[in-house]
Structures are given as C-alpha cells and as structure tokens.
Participant: 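Starting off with a structure, shown below.
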Amino acid sequence: MFPALETHLKQTIPDPYEDFMYRHLQYYGYFKAQRGSLPNSATHQHVRKNNPQCLLNGSLGEKDDLIPDTLQKEKLLWPISLSSAVHRQIEAINRDSHMLSLPHLRSRQLLYDELDEVNPRLREPQELFSILSTKRPLQAPRWPIECEVIKENIHHIEWAPPQPEYFYQPKGNEKVPEIVGEKKGTVVYQLDSVPIEGSYFTSSRVGGKRGIVKELAVTLQGPEDNTLLFESRFESGNLQKAVRVDTYEYELTLRTDLYTNKHTQWFYFRVQNTRKDATYRFTIVNLLKPKSLYTVGMKPLLYSQLDANTRNIGWRREGNEIKYYKNNTDDGQQPFYCLTWTIQFPYDQDTCFFAHFYPYTYTDLQCYLLSVANNPIQSQFCKLQTLCRSLAGNTVYLLTITNPSQTPQEAAAKKAVVLSARVHPGESNGSWVMKGFLDFILSNSPDAQLLRDIFVFKVLPMLNPDGVIVGNYRCSLAGRDLNRHYKTILKESFPCIWYTRNMIKRLLEEREVLLYCDFHGHSRKNNIFLYGCNNNNRKYWLHERVFPLMLCKNAPDKFSFHSCNFKVQKCKEGTGRVVMWRMGILNSYTMESTFGGSTLGNKRDTHFTIEDLKSLGYHVCDTLLDFCDPDQMKFTQCLAELKELLRQEIHKKFHELGQDVDLEGSWSDISLSDIESSTSGSDSSLSDGLPVHLANIADENKKPGFTVSCSPKRTINSSQEPAPGMKPNWPRSRYPATKRGCAAMAAYPSLHIYTYP
C-alpha cells in the first residue's frame with residue numbers, strides 16, 4: 001500500500017537524523033554506548049508512544065517517560081533496537097490492512113504533541129541543559145510514582161505581623177495527653193501509598209501516582225458533623241495520619257522522609273470544616289528529637305484562608321498549652337516524642353493550614369526565578385541556568401549574578417561568592433534568607449550595584465528540589481542526607497551534590513572564591529549563627545572568624561557570635577562547608593537560622609518573621625562590603641578583638657584545669673581544636689552510608705571519600721549572650737570611592753568565643 005515505507009521498514013539502517021545525533025553526541029563525549037542501547041550515564045530514559053510507561057508532561061505537553069533510578073537504568077535497555085522495531089512494524093502491517101491507524105515510524109529524537117499531529121520538536125540532548133526559558137510554562141514538579149497528589153494549587157500570601165510575636169511562656173500545668181491511637185480513636189485521614197524503608201526510588205512523573213486521586217478525608221454526615229477534614233497531598237505537605245480521639249482532639253502522625261524510617265520534624269497540612277468557638281487539641285505523636293525549641297516557647301504556625309482573603313493576613317504564630325514530651329508508648333523501637341498544643345480557629349467553616357515553619361515550595365522558587373528572567377533589567381546581570389536534574393527529573397537552578405565587565409582583565413579579576421540553600425528540604429528558613437539576599441543583590445541599590453561590580457555570585461537557591469516537593473525534612477529521594485555526601489563519586493545517585501562540587505571546582509580554576517555559605521535551619525538553638533572551619537595556616541590565623549564577627553555587629557539582635565563554632569569533626573567531612581574548605585575556600589560556612597526566634601537585643605523572646613530572615617540576606621551583602629573594604633581598619637580591629645577574646649578563653653580553660661600558662665609567649669600556637677568542642681546542638685544526622693541498591697556500585701569503585709558516621713555530641717552552653725547593642729557606626733569606604741579618614745570607632749558590643757565546659 002505504501003511501497004516506500006515498506007522498503008524502509010525492511011532495512012536495518014537507523015533513521016538519518018538519529019544517526020547524525022548519535023555521531024554528534026559521541027563526538028562531544030555525551031554518548032558512549034552503542035546505537036541500539038541507551039547510555040548508562042543518561043539521566044532520562046525516553047520511550048516511544050507504544051511503550052506503556054510513556055507519560056505526558058503536564059506543563060509542557062511533552063511525552064516524557066518515567067525516570068528510573070540507577071539500577072533500573074542498568075536493567076532497562078533502550079526500548080528496542082531499530083531492527084526489532086522494523087520487524088514489529090512489518091508484522092503489524094501484515095496483520096492489519098488499516099495501516100493509517102497504526103503508529104508510523106519516526107525518530108526517537110523528536111517530540112510530538114498529545115495528538116501526534118503537529119509541531120514536532122527536538123528532544124533535549126542527554127546531559128545538556130539550557131538557560132531557563134521564559135517563552136513557555138515552567139516544568140511542573142515531578143513526584144515519585146508512589147505519591148498521590150491532589151490537583152489543587154496551594155498558595156499563601158507573604159505577610160509581616162504588625163506586632164512582635166512573643167514566645168509561649170510555659171505555666172507548668174500544661175496537659176500531657178495520653179496517646180490512645182486507633183484502638184480508642186477513629187482514623188479520619190491516612191495516606192495509603194507511602195514509600196517506606198526497604199523500598200527505594202524507581203521513577204517519577206508529573207502529578208505523581210497514576211489514576212484518580214482518592215478522597216482520604218472522612219465523609220461528613222451532615223451540616224452538624226464537626227469532624228475536621230485533613231489533607232497533606234500537596235507540594236511540601238507532610239501528614240501521614242490523623243486519629244480523632246475526642247470531639248475536638250486529634251492525634252497526628254507525621255510521614256518519615258521517603259524511603260527511610262526517620263526524620264520526622266517538618267509538618268505542613270490543611271484542615272477544613274472548622275468551628276470558631278471550640279478549643280481544639282492537636283498532638284503529634286512520632287517526633288524523633290529529644291530536644292526541641294517547642295520546650296522554650298516556640299509556637300506552631302497557623303494560616304487562615306478567610307483571613308488571607310478578607311484581611312490580607314498570612315502566617316502567624318498561634319497555640320496555647322504547648323508541651324513537648326516523651327511518648328509513653330514503648331514498642332521496643334526508637335523512642336518517640338510528642339508535641340501537643342491547643343488552638344481556637346478564627347472562623348466557622350474556614351480552610352486553615354498548620355506548619356512547622358513558613359513554607360517555601362519548589363513552585364514558589366520557579367515563579368520567583370521566572371519573574372527575574374522576565375525582568376528586562378535584572379536579566380542583564382542575572383543569568384539563570386540549569387545545573388543538573390535531580391533524581392526525579394526536577395531542575396536544579398544555578399544563578400550567575402554579576403555586572404558586565406568593561407575588559408577581559410576586569411572580568412578575570414573578580415572574585416567569586418557561592419551561596420546555596422535547601423540541601424535539607426524541611427529547613428525552609430534557608431529559602432527565606434536566600435530570597436532576602438536575591439531581593440537585595442538584584443535591586444538598583446548602589447551597594448548592590450557595587451557588589452555586582454566586584455564579585456561574581458554563583459547562587460544555588462534549592463539544592464534538593466525532590467525533597468522539598470515531597471515534604472521531606474532531611475533527605476533526598478536516595479533516602480540519604482545530601483549534606484554528608486559532598487565527597488561522593490556517585491553522580492547518578494547524588495546529582496545535585498556532585499554537580500555543585502564540580503561547578504565550584506571549575507570556578508576555583510578560573511578565579512578566587514572568597515566565600516562559600518550554605519543556608520540551613522536549626523531546631524534546637526535560637527538566633528542565627530555560623531559554623532566554619534579553623535584555619536591551620538598561621539598567616540591567616542583567625543581570619544575565618546572575622547566575617548561572622550562582622551555579621552554579628554551588623555545584626556546584633558539576630559546573629560549570635562558566641563553560638564558560632566569552627567571545629568572540624570571527622571563525621572562532618574562530607575558536609576559542604578568542610579569539603580569546600582578543603583578545596584581551598586578559607587571562608588567556608590554553614591549558616592544556621594533558627595526555627596524559633598531571637599534571645600538578643602530588641603528582639604529578645606520574639607519569633608522570627610519572614611521579614612527578619614529576609615533581612616539576614618541583606619546583612620550578608622552588607623557584611624561582604626565591610627569584609628572587603630579597601631580600608632582594612634574594620635578587618636584589623638575585628639582580628640585584634642578576636643585574638644584578645646581567644647587569649648582570655650585560653651587563660652580561662654587552663655585556669656579551670658588548675659594549670660598555669662604563660663600567655664605572653666607563643667600562646668597563639670595552641671590548637672583551636674583543643675579549646676572548641678563539637679558543634680553542640682547542630683542538626684547533624686548520621687550519614688547512614690549508601691542506599692542499599694547502590695552499595696554494589698560503591699564496592700566496585702573502591703574509591704575513598706565516603707563519610708564515616710559518628711554520634712553527635714552535646715555540650716552545655718555556659719557562656720553569656722553578648723550585651724545588646726546597635727550596629728557600630730562604621731565608616732563606609734566603598735570602591736571606587738576614596739578612603740575616608742579613620743574616625744573614632746563606636747564601642748563594639750561585648751562578644752565572646754563560645755565557652756565549652
């Protein structure tokens with residue numbers, strides 16, 4: 001019927017365009033396998049329409065396959081070789097005379113729309129990523145195929161409370177509810193398809209699990225039924241189960257990080273069918289940390305949809321009778337801890353949300369980046385690119401921010417600053433600090449323009465998009481803490497970390513990196529502080545502490561210098577700050593911002609708001625200018641202050657040990673590690689080794705670089721907080737302005753090295 005096509009089907013040669021693409025990718029080193037098979041290094045596996053695993057990309061209308069993990073890639077071959085494809089097509093034609101109803105032979109490098117009729121376009125080459133496109137919708141989040149996802153779009157407004165939100169003051173008589181569970185209660189919400197420990201990530205798709213989304217909330221029996229309707233199957237949501245144990249009392253179980261049995265901390269869920277005059281009690285029953293900021297006054301966050309719509313009020317701290325305590329049930333496994341609180345909803349029939357901290361989702365980030373890309377001014381000095389794809393195929397974005405240079409020599413002379421956030425997905429604090437930094441550095445402020453003139457900023461605003469999307473607290477879809485795997489050789493399993501380290505390695509080859517800082521959140525200590533790395537080079541002795549001290553002076557009511565720590569522990573060798581420090585970045589930090597609030601200055605005993613965290617992003621920029629001021633007066637004075645404080649600390653330590661020491665001699669040769677203890681209270685989790693299905697790969701490589709787990713040690717904070725004070729009136733000497741005279745300096749607030757018993 002179609003002689004030309006039948007002749008082509010009988011041939012075994014590949015499609016000409018496909019042959020050209022194979023040769024092209026092989027030439028540039030992106031394709032090293034045989035034509036008939038998919039390269040093992042490919043991140044995405046694409047299949048033809050007649051493959052049952054072929055799915056439709058919801059946002060772009062592309063036919064995109066499931067994205068298997070590393071082992072699946074080893075097992076799955078390229079759908080079929082061309083010869084077998086030809087053979088099947090011939091058999092189909094022989095069986096059916098209605099040839100037009102069958103799929104026609106076409107190149108696997110082309111993508112078609114849903115009807116297979118119009119606008120064919122090229123598929124993205126493997127491992128090649130382009131600048132973010134502003135001419136088409138952003139790719140919708142990809143979820144593991146086990147996860148059910150509701151179709152509603154969840155959006156919250158930003159809002160700053162007009163009055164300080166003070167910590168809850170425990171009264172001592174808070175109720176400690178007995179945990180009764182399902183035996184005496186009624187399950188009103190429960191996820192029925194959650195990956196657990198022992199399973200591992202295999203594939204993803206836009207929209208998550210196939211099929212109709214089940215209704216998990218109970219069915220109300222009428223208008224008088226006051227049962228709350230729970231939901232958490234949305235972006236960043238986390239709630240596994242809700243049990244009604246009394247008319248207005250509920251026990252809640254959080255979902256562990258996917259493919260693990262641990263890391264229950266982050267919660268974010270919706271309730272509907274509220275009653276205004278009732279006092280509700282919620283108790284989370286499966287938290288894992290023995291210490292929490294809820295014991296010292298931290299309150300949960302509440303968001304009322306009616307308040308947002310009618311009064312433009314967003315997230316606010318709410319809750320009474322707050323108590324954090326050990327679960328009284330003992331099943332022989334790891335101990336659980338409970339968080340209980342009471343609350344009165346502001347309206348009848350309202351839709352409300354609860355959260356551990358202000359949510360910041362992957363979609364929030366994409367909308368922000370799209371606004372930057374569409375801004376004709378900002379897009380001139382901010383280039384948005386894709387660093388890599390995550391395990392689920394979500395984009396990890398990289399921003400390069402710098403003003404165009406006049407000459408190649410000027411461009412080469414610029415130093416670099418690297419900032420990143422959300423390697424731990426449940427620490428949304430980092431995203432708000434990052435947003436504050438981006439708001440300022442992309443503005444038309446003279447200081448922002450100056451920073452763009454003298455620096456190249458490499459910004460990774462969300463390192464773990466998969467974890468953020470599914471509502472994990474700590475891990476990626478590999479079931480592991482990415483901040484313990486910066487030394488990894490497993491690009492396929494930890495792509496976000498591997499590509500970040502590789503990008504920074506290339507950056508170091510072309511220019512000096514002045515500072516690296518990874519933004520985190522902390523669940524057991526208030527205020528904001530830095531973890532750094534003690535420098536062993538006498539020439540730069542104590543230099544790594546100057547930037548944190550300056551930041552404390554610029555934000556004295558938020559930043560606590562005495563909470564900073566610079567000890568490098570063996571079990572932290574795989575963290576970003578230690579790996580980058582060993583690569584040659586002297587000022588390499590982890591910034592920890594609390595989930596709670598401040599104990600300092602004018603903000604003492606109040607919760608941090610979104611605006612407080614965003615202001616820290618500005619203070620990072622402000623401190624960078626102080627740190628690099630051509631007039632070295634501020635740097636020199638901070639260094640002298642650090643030396644004096646350290647001398648006093650050494651004297652105190654030896655005095656406690658009953659020993660005498662001559663500090664007028666070579667006291668600076670004393671190792672700082674002998675003075676500092678481990679990073680007390682740091683949210684360190686064990687590396688846990690490698691995922692089970694990747695252990696064989698690690699054994700075959702036999703290369704060093706995997707971190708060894710160690711148990712986190714706790715110490716007691718016996719030092720006093722620095723006295724409150726305002727930012728000193730430092731004279732500004734900005735490039736290229738001339739230096740000002742060394743005017744008298746305002747007195748610094750009293751700052752102390754962290755004291756360890």
Side-chain angles (χ1 to χ4, degrees), residues 164-169 265 289 291-299 301 317 356-358 421 424 427-434 436-437 517-532 545 547-567 577 589-620 622-623 645 676-684 714-727 748-756:
E165 296 180 308
Y166 286 94
F167 293 157
Y168 172 74
Q169 299 299 321
Q265 179 75 31
K289 293 187 177 182
K291 303 292 183 181
S292 171
L293 287 169
Y294 289 111
T295 63
V296 290
M298 178 173 157
K299 295 182 179 181
L301 281 161
R317 300 283 181 171
H356 179 59
F357 202 71
Y358 303 100
H424 291 153
E427 296 172 1
S428 57
N429 335 41
S431 283
W432 293 110
V433 176
M434 179 66 76
F437 166 80
C517 190
D518 190 21
F519 298 156
H520 285 248
H522 208 283
S523 66
R524 292 184 296 226
K525 292 169 68 174
N526 278 311
N527 307 311
I528 299 172
F529 48 94
L530 290 174
Y531 291 140
R545 303 181 184 220
F547 184 85
L549 182 56
M550 286 184 170
L551 187 55
C552 180
K553 295 177 185 296
N554 287 335
D557 57 350
K558 303 181 186 73
F559 191 92
S560 170
F561 181 76
H562 90 262
S563 295
C564 297
N565 194 287
F566 302 88
K567 185 180 179 66
R577 69 175 170 96
Y589 305 108
T590 297
M591 177 180 283
E592 298 280 0
S593 52
T594 181
F595 287 108
S598 175
T599 62
L600 308 172
N602 296 329
K603 296 193 68 65
R604 185 179 183 85
D605 295 333
T606 63
H607 290 90
F608 281 151
T609 65
I610 289 176
E611 292 303 315
D612 289 326
L613 294 176
K614 289 166 65 175
S615 73
L616 250 294
Y618 157 74
H619 287 305
V620 168
D622 195 34
T623 305
L645 291 172
E676 288 190 308
S677 178
S678 61
T679 52
S680 68
S682 69
D683 275 348
S684 55
R714 297 195 56 78
T715 59
I716 301 174
N717 175 8
S718 61
S719 63
Q720 296 181 350
E721 193 62 47
M726 299 303 291
K727 175 181 174 181
Y748 287 125
S750 175
L751 297 170
H752 303 283
I753 301 294
Y754 197 94
T755 303
Y756 303 98

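What you see is a predicted model, and the numbers here were worked out from it, not measured in a lab. All residue numbers in this chain count up from 1 along the given sequence.
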Participant: Any chance you could measure R604, atom CZ, to Y166, atom OH, to the nearest 0.5 Å?
Facilitator: 12.0 Å

Participant: Just how far is it from atom SG of C552 to atom NE2 of H619, taken to the nearest 0.5 Å?
Facilitator: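 Going from SG on C552 over to NE2 on H619, the span is 11.0 Å.
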
Participant: Can you classify the ring geometry of F547 versus Y589 as parallel (below 30°), tilted (30 to 60°) or perpendicular (above 60°)?
Facilitator: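 Ring orientation, 0 to 90° scale: parallel.
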
Participant: Taking C-beta and beyond as the side chain, do K558 and S615 meet within less than 4.5 Å on heavy atoms?
Facilitator: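 A side-chain contact exists here, since the closest heavy-atom pair is under 4.5 Å.
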
Participant: Determine, using ring centers only, whether H522 and F529 are less than 6.0 Å apart.
Facilitator: yes

Participant: Quick one: does L613's side chain get under 4.5 Å of V433's, heavy atoms only?
Facilitator: yes

Participant: Measure the shortest side-chain to side-chain distance between T594 and F608 over non-hydrogen atoms and say whether it is less than 4.5 angstrom.
Facilitator: yes

Participant: Just to verify, what does E611 make a salt bridge (Lys or Arg N to Asp or Glu O under 4.0 Å) with, not counting sequence neighbours?
Facilitator: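 Listed in chain order: K614.
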
Participant: Measure the CG-CZ distance between L293 and F167 for me, rounded to the nearest 0.5 Å.
Facilitator: 7.5 Å

Participant: Taking Y531's backbone N and O only, do any of them form a donor-acceptor pair with T590's side chain (distance below 3.5 Å, no angle check)?
Facilitator: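 No, because the side chain of T590 does not come within donor-acceptor range (under 3.5 Å) of the backbone of Y531.
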
Participant: Could you list the residues that satisfy salt bridge (Lys or Arg N to Asp or Glu O under 4.0 Å) with K299, not counting sequence neighbours?
Facilitator: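 With neighbours one apart ignored, the set is empty.
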
Participant: Please check: side-chain N/O of N526 versus main-chain N/O of S598, any donor-acceptor pairing under 3.5 Å?
Facilitator: no

Participant: With a 3.5 Å distance limit and no angle check, can you tell me whether N429 reaches the backbone of S593 through a side-chain donor-acceptor pair?
Facilitator: yes

Participant: Mind checking whether W432 and L616 have side chains closer than 4.5 Å, heavy atoms only?
Facilitator: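 The answer is no, as the side chains (C-beta and beyond) never meet within the 4.5 Å cut-off.
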
Participant: Could you pull out all residues at least two apart from H607 that satisfy side chain to side chain donor-acceptor pair (under 3.5 Å)?
Facilitator: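 For H607 there are no side chain to side chain donor-acceptor pair (under 3.5 Å) partners, ignoring immediate neighbours.
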
Participant: For a 4.5 angstrom cut-off between non-hydrogen side-chain atoms, does K553 reach F559?
Facilitator: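 In short, these two side chains do not touch, never coming nearer than 4.5 Å.
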
Participant: Is there a donor-acceptor pair closer than 3.5 Å between any side-chain N or O of D518 and the backbone N or O of R577?
Facilitator: no

Participant: Taking the six-membered ring for Trp, are H356 and Y294 parallel (under 30°), tilted (30 to 60°) or perpendicular (over 60°)?
Facilitator: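 If you compare the ring of H356 with that of Y294, the planes turn out tilted.
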
Participant: Please examine the side chains of R317 and Y168, heavy atoms only from C-beta on, and report whether any two atoms are closer than 4.5 Å.
Facilitator: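 Of all side-chain heavy-atom pairs linking R317 with Y168, none is under 4.5 Å.
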
Participant: Under 3.5 Å, side chain of S523 to main-chain N/O of S292, donor-acceptor pair present?
Facilitator: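 Absent.
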
Participant: Does any non-hydrogen side-chain atom of K289 lie less than 4.5 Å from one of R524?
Facilitator: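 R524 reaches K289 side chain to side chain.
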
Participant: Quick check: closest heavy atoms across A421 and S431, and the distance to 0.1 Å?
Facilitator: CB-N, 4.5 Å

Participant: Under 3.5 Å, is there a donor-acceptor pair linking the side chains of D612 and T609?
Facilitator: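 Distance-only check passes for D612 and T609.
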
Participant: A side-chain contact here means heavy atoms from C-beta on lying under 4.5 Å apart; do C517 and L530 qualify?
Facilitator: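 Sidechains of L530 and C517: in contact.
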
Participant: Looking only at side-chain N and O atoms, does T623 offer a donor or acceptor that is under 3.5 Å from a partner on N554?
Facilitator: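 A donor-acceptor contact under 3.5 Å links the two side chains.
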
Participant: Would you give the length of the straight line joining atom OG of S428 to atom CZ of F519, rounded to the nearest 0.5 angstrom?
Facilitator: 14.5 Å

